[in-house]
K.L.:
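Shown below is the structure under consideration.
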Amino acid sequence: ALLLFSLGLFGYNLYVHSGSAAKLLREARYTDPVSVMSTARDDATVGVPARATDLVSGGSGRGTDGRRIVVVGGGLAGLAATIEAVEAAAAAGVAVEVAVVEKMPRLGGNSAKASSGINALNPGGGDSHELFKDDTLRSGGGLSDATLVEQLVDLSPDVLKFLSKYGVDLAKVTQLGGHSAPRSFSNVAGPNVGLAIMSALIKVVQDLPSVQVMESAKLEHVQMQSGAVVGVEVVKDGVRLTIPCGAVVLATGGFGANRTLLQMHNPQAASLATTNGEWAQGEGLEVAAAVGASLVHLEHVQIHPTGFVDPRDPSAGTKWLAPEKLRGVGAVLLNADGRRFVDELSTRDVVSQALLKQPGQTAFLVLGHESAVDFGLKTIEFYAAKGMAAHAEDVAALAAHVNVDVAALREELRVYDDAAAGRKADAHGKTVFPHAVGADGSFYVASVTPVVHYTMGGVAVDSGARVLSEGGVALAGLFGAGEVTGGVHGRNRLGGNSLLECAVYGRIAGRSAVEYVARLM
């Protein structure tokens, strides 16, 4: 049965499919639309003001509903799309509403967990457009879409300006693995970079009067009519709701926590623990495919070399990430014999494969004092307090922790320090040494193992973030950004390029969606 009832929100009605409509009617009591919008209460009656009239009568989703943009996903890609849509609409003098639909009880997603940085062109550090582009294409192993990568690099400086405008100060720069120059930006103090970014943007979104947020609402279907988007169906509190709209931005993330999809597309990855939150199930891929979207590169799953092994629960299926930034500031990897076995700043796939060959697929990540200070002692000490890392006062204590001969370990570290000082070539080809490990100093040490971290494949998009069909034709009114999409990263993603892709293509998706719905008015 269908039931229509007024919420008194901006004069719109909510279109409900369910036998639970009575519950919704009891909850349809809010009278302050500004409060409802800004606080995004976790009630089935709160969220997008949706007129059902057009849908019930078989309308096209045009008119008032056609100027609504639904953004599905509350991570960086989704919020960047939301903010950019509002700004683009204001600049064009177009009246647009934006609804953010998030399946979890709060915004943030995996973006809030990011910890190593967001990349941007850094000419002052010896970077160049060609260098950044070539690093990204090389890491992608020939599968990256060169046009998408070119745009990623071109627009990266604008991302820093965009974030700075909203109070995100990213003054620290690090060179991560696979990069030819330092270009990974992060905050000097405060929480991890992802949380710093998301905290700022969530506040911005919550304060925008033309934006409403519906949390704990899962996307089920994108409605198409005559080849164009006319709405979405979501489920909230067991109730199926239809939100009419003129455009949809998919920013639903990847499938790094979905064992079934991992087994289907990359069985090796399915056997490993993951750093992803439970929400990373990849439902957006199924929804997009159901309306004819092309899916690309799903078999390419990034295995990050360093997830913390919690000694209290070493077999845990979800692990905390030991950020690449640790190696970016000079951490070294030692095997069970206390020997280095890889250039720690190779691309993630290279380091992961080397580590997977070690006994037990584990290694020790060792950080000298200077590197620990550079990374941030408060964060290192937080890891230690959680049991993920330990402090060693000297090389003897480190040798005891790693269970190797102290003289052999001291020699291994001395050889590394010689290479860092330029006195000899590194046996593993390493050429970037942020700090010497300091054979005579103190250390932090952690046990690490490779973990599923990111899914490179997803929905095919063009440079306008338009979702493409199997034939390469844009699906009218459907846009995509972030990890739900494929094409930028190819076989392997560079550290720091995920947040950048979310911001660049999220903003493009928001602008493109505004341009599209403006033509419907």
Side-chain angles (χ1 to χ4, degrees), residues 116-117 122 125-127 131-132 134-135 138-139 141 173-184 303-306 322-359 361-375 392 394-395 398-399 401-402 404-450 492 494-496:
S116 287
N122 182 28
D127 201 7
L131 201 58
F132 189 178
D134 288 349
D135 284 349
R138 186 184 314 109
S139 182
V173 189
T174 307
Q175 184 168 343
L176 301 181
H179 292 265
S180 299
R183 60 170 75 100
S184 300
I303 299 173
H304 193 291
T306 55
E324 184 164 336
K325 187 177 176 182
L326 288 165
R327 288 175 287 121
V329 297
V332 298
L333 292 171
L334 303 178
N335 62 18
D337 296 323
R339 303 291 185 185
R340 288 179 60 238
F341 54 90
V342 69
D343 172 1
E344 292 85 357
L345 290 181
S346 292
T347 53
R348 290 175 175 178
D349 54 343
V350 171
V351 181
S352 291
Q353 288 306 311
L355 208 157
L356 286 169
K357 295 175 182 176
Q358 302 306 312
Q361 299 184 336
T362 60
F364 294 100
L365 184 145
V366 176
L367 203 64
H369 179 72
E370 288 185 1
S371 295
V373 171
D374 194 358
F375 182 84
D394 53 25
V395 70
L398 178 62
H401 186 94
V402 179
V404 296
D405 177 72
V406 62
L409 179 58
R410 180 180 285 110
E411 177 63 14
E412 184 74 5
L413 299 182
R414 185 194 64 77
V415 169
Y416 180 85
D417 286 350
D418 282 347
R423 290 188 287 269
K424 61 173 62 176
D426 180 62
H428 303 284
K430 191 169 187 175
T431 58
V432 176
F433 298 88
H435 297 286
V437 71
D440 298 318
S442 63
F443 309 89
Y444 284 91
V445 58
S447 180
V448 293
T449 189
N492 180 64
L494 281 178

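Side chains included, hydrogens not; waters and symmetry mates left out as well; all remaining heavy atoms used. Residues: numbered from 1 along the sequence shown.
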K.L.:
Distance-only, no hydrogens or angles: does the S184 side chain make a donor-acceptor pair with backbone N or O of G496 under 3.5 Å?
P.N.:
no
K.L.:
Checking the side chain of D337 only, and the main-chain atoms of V404 only, is there a donor and an acceptor separated by less than 3.5 Å?
P.N.:
no
K.L.:
Which atom names give the shortest non-hydrogen contact between L367 and A372, and what distance separates them?
P.N.:
CD2-CA, 3.6 Å
K.L.:
If we only count heavy atoms from C-beta on, is the T174 to F375 side-chain gap below 4.5 Å?
P.N.:
no
K.L.:
Holding to ring-ring contact (aromatic ring centres under 6.0 Å, His included), I want the full list of residues that pass it with F132, two or more places apart in sequence or in another chain.
P.N.:
none
K.L.:
Not counting sequence neighbours, which residues clear salt bridge (Lys or Arg N to Asp or Glu O under 4.0 Å) with R410? List them please.
P.N.:
none
K.L.:
When you measure from the side chain of N122 to the backbone N and O of P182, does any donor-acceptor pair fall under 3.5 Å?
P.N.:
yes
K.L.:
Return yes if some donor-acceptor pair links the side-chain N/O of Q175 with the main-chain N/O of H179 below 3.5 Å, else return no.
P.N.:
yes
K.L.:
Report yes or no: does E344 contribute a side-chain atom to a donor-acceptor pair with the main-chain N or O of L333 at less than 3.5 Å?
P.N.:
yes
K.L.:
Just to verify, what does F433 make a ring-ring contact (aromatic ring centres under 6.0 Å, His included) with, not counting sequence neighbours?
P.N.:
Y416
K.L.:
Using the salt bridge (Lys or Arg N to Asp or Glu O under 4.0 Å) criterion, which residues pair with E411? Sequence neighbours excluded.
P.N.:
R414
K.L.:
Short question: side chain of T449, backbone of Q361 - any donor-acceptor pair under 3.5 Å?
P.N.:
yes
K.L.:
For F364, which residues count as a ring-ring contact (aromatic ring centres under 6.0 Å, His included) partner, sequence neighbours excluded?
P.N.:
none
K.L.:
Without swapping roles, check the side chain of E412 against the backbone of R340 for a donor-acceptor pair under 3.5 Å.
P.N.:
yes
K.L.:
Which heavy-atom pair separates R183 from V173 by the least distance, and what is that distance?
P.N.:
N-CG1, 3.8 Å
K.L.:
Would you say S371's side chain and V329's backbone share a donor-acceptor pair under 3.5 angstrom?
P.N.:
yes
K.L.:
Check for a donor-acceptor pair, side chain of T347 on one end and backbone N or O of S139 on the other, with a separation under 3.5 Å.
P.N.:
no
K.L.:
So do V402 and F443 actually touch side chain to side chain, heavy atoms under 4.5 Å?
P.N.:
no
K.L.:
Report the residues that fulfil salt bridge (Lys or Arg N to Asp or Glu O under 4.0 Å) with D374, sequence neighbours left out, ordered by chain and then residue number.
P.N.:
K172
K.L.:
Does D417 use its side chain to pair, donor to acceptor, with the backbone of A439 at less than 3.5 Å?
P.N.:
yes
K.L.:
What's the shortest heavy-atom distance between L409 and G338, and which atoms?
P.N.:
CD1-O, 3.9 Å
